[in-house]
Amino acid sequence: MPGMPAGAAKPGFTLRRLGAADAAAFRDLRLLGLRRHPEAFGAAFEEEAGRPLAWFAGRLEVHAVWGGWQTGAGPLAGVVGLQLNGVAKARHKGVLWGMLVRPEARGGGLATALAGALLEHARSHVEEVRLSVGASNPAAIRLYARLGFSAYGVEPRALKLGEAYCDEVLMALRF
Ligand SMILES: CC(C)(COP(=O)(O)OP(=O)(O)OC[C@H]1O[C@@H](n2cnc3c(N)ncnc32)[C@H](O)[C@@H]1OP(=O)(O)O)[C@@H](O)C(=O)NCCC(=O)NCCS
């Protein structure tokens, strides 16, 4: 099946690390997410829509990004990334970013499986993983709490969309 990867199978999904060759599929899904959920991501659709494919390929080379496909057919259905810190005094922590599942693939455990793959990898590289999530995004906050993340603060007015501000909940999972 074209586009279907070989990789670790979870019930109903196939997961694997993405590489530069996945840049087009990653860009399509990422732009869909930025357009539909502007409050869920720090980046703006308008910023990333103008970037060349090579920029997305570069992101996949620099960051560890996992992708998930619904087993059997279909396009890239979900992604999540891990940013590791190059600064010596901050190397003990990583940042989970860009969690997104295609609307028609939600509710079946794909985000849980993607985060599970990321955490399994992160465990051998960092002491804790952090993330920020929109304060009015209960589905994502529940997901992270179920995975063992706990909130350690709130950043008021973390994002500004037009004239509206969005607070973000800061969460961490310590291994
Ligand atoms: C938040 C988001 C990533 C969740 O993705 P998802 O794949 O639907 O998440 P999961 O399926 O793993 O978990 C969602 C629900 O499905 C349930 N579920 C998990 N595994 C399941 C399975 N095997 N079968 C049925 N249901 C399952 C979970 O219990 C969970 O229920 P809850 O609503 O009580 O928490 C998705 O809604 C999304 O992309 N939202 C827009 C972007 C966004 O907000 N990203 C987060 C930025 S911080």
Side-chain angles (χ1 to χ4, degrees), residues 4-5 7-18 22 25-49 56 59-60 63-84 93-122 126 128-161 164-173:
M4 286 297 294
K10 300 267 175 181
F13 312 117
T14 304
L15 305 184
R16 69 164 168 82
R17 278 276 292 274
L18 300 184
D22 300 300
F26 173 63
R27 176 178 63 183
D28 286 353
L29 182 55
R30 173 111 180 131
L31 293 181
L32 176 129
L34 295 184
R35 202 177 54 235
R36 287 211 192 188
H37 306 284
E39 70 298 336
F41 301 100
F45 171 79
E46 297 73 20
E47 281 168 343
E48 292 200 9
F56 291 90
R59 296 272 287 172
L60 296 175
H63 295 260
V65 178
W66 285 262
W69 287 256
Q70 289 179 301
T71 303
L76 180 63
V79 285
V80 69
L82 176 69
Q83 179 173 14
L84 298 178
K93 55 192 182 183
V95 176
L96 181 156
W97 61 270
M99 171 66 87
L100 173 67
V101 171
R102 207 173 271 282
E104 57 274 24
R106 287 180 194 159
L110 180 50
T112 305
L114 285 165
L118 179 146
L119 292 173
E120 197 178 304
H121 174 85
V126 289
E128 66 181 80
V129 175
R130 296 188 178 186
L131 60 86
S132 47
V133 52
S136 46
N137 189 349
I141 292 173
R142 247 193 339 264
L143 165 73
Y144 299 130
R146 203 164 13 87
L147 287 161
F149 283 84
S150 31
Y152 64 91
V154 172
E155 183 183 349
R157 294 159 55 110
L159 301 179
K160 187 174 183 185
L161 285 87
Y165 296 93
C166 303
D167 297 351
E168 286 190 334
V169 179
L170 311 176
M171 302 184 87
L173 187 158

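As a basis for the values below, the full set of heavy atoms in this structure was taken, side chains included, without hydrogen atoms, waters or symmetry mates. Counting starts at 1 for both ligands and their atoms, following the listed order.
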R36 near ligand 1 by a heavy-atom separation under 4.0 Å: no

What is the nearest protein non-hydrogen atom to atom 44 (O) of ligand 1, stated with its residue, atom name and distance? N137 ND2, 2.7 Å

With only distance considered, is T112 within less than 3.5 Å of ligand 1 through an N or O on each side? yes

Any donor and acceptor pair, going by atom type alone, linking the side chain of R35 with main-chain N or O of F45 inside 3.5 Å? no

Any heavy atom of L131 under 4.0 Å from ligand 1? The part involved is neither

Among A140, G116, G109, whose heavy atom sits nearest atom 10 (P) of ligand 1? G109

Per-atom contacts, ligand 1 versus L100 - under 4.0 Å to a heavy atom: 39 (O), 42 (C)

Tell me, which protein residue and heavy-atom name are nearest atom 23 (N) of ligand 1, and how many Å apart are they? G108 O, 3.2 Å

Would you find more than 12 non-hydrogen atoms of other residues, nucleotides or ligands less than 6.0 Å from R106 atom CZ? yes

Is the shortest side-chain heavy-atom distance between H63 and L82 below 4.5 Å? no

Within a strict 4.5 Å, meaning less than it, do heavy atoms of the L100 and F41 side chains meet? yes

Only heavy atoms count here, so choose which of R142, R106, R146 is nearest to atom 14 (C) of ligand 1. R146

For V101, is at least one N or O under 3.5 Å away from an N or O on ligand 1? yes

Can you tell if the side chain of E155 reaches within under 4.5 Å of the side chain of S132, non-hydrogen atoms only? no

Under a 4.0 Å threshold between the charged nitrogen and the carboxylate oxygen, would R16 count as salt-bridged to D22? yes

Closer than 4.0 Å to some heavy atom of H37 - which atoms of ligand 1 meet that? 41 (C)

Minimum distance, heavy atoms only, to atom 9 (O) of ligand 1: which one of A139, A113, A111 is it? A111

Just by distance, do the side chain of D167 and the backbone of A135 share a donor-acceptor pair under 3.5 Å? no

Flag the pair L173 / F149 as yes when at least one side-chain heavy-atom distance between them is below 4.5 Å, and no otherwise. yes

Could E128 and R130 be called an ion pair, given the rule that one side-chain N must be under 4.0 Å from one carboxylate O? yes

Numbered atoms of ligand 1 (with element) below 4.0 Å of M99, judged on heavy atoms: 3 (C), 42 (C), 43 (C), 45 (N), 46 (C), 47 (C)

Which of these, G107, G98, A40, A77, has its nearest heavy atom closest to atom 26 (N) of ligand 1? G107

Taking distance alone, with N or O pairs closer than 3.5 Å, would you say Y144 contacts ligand 1? no

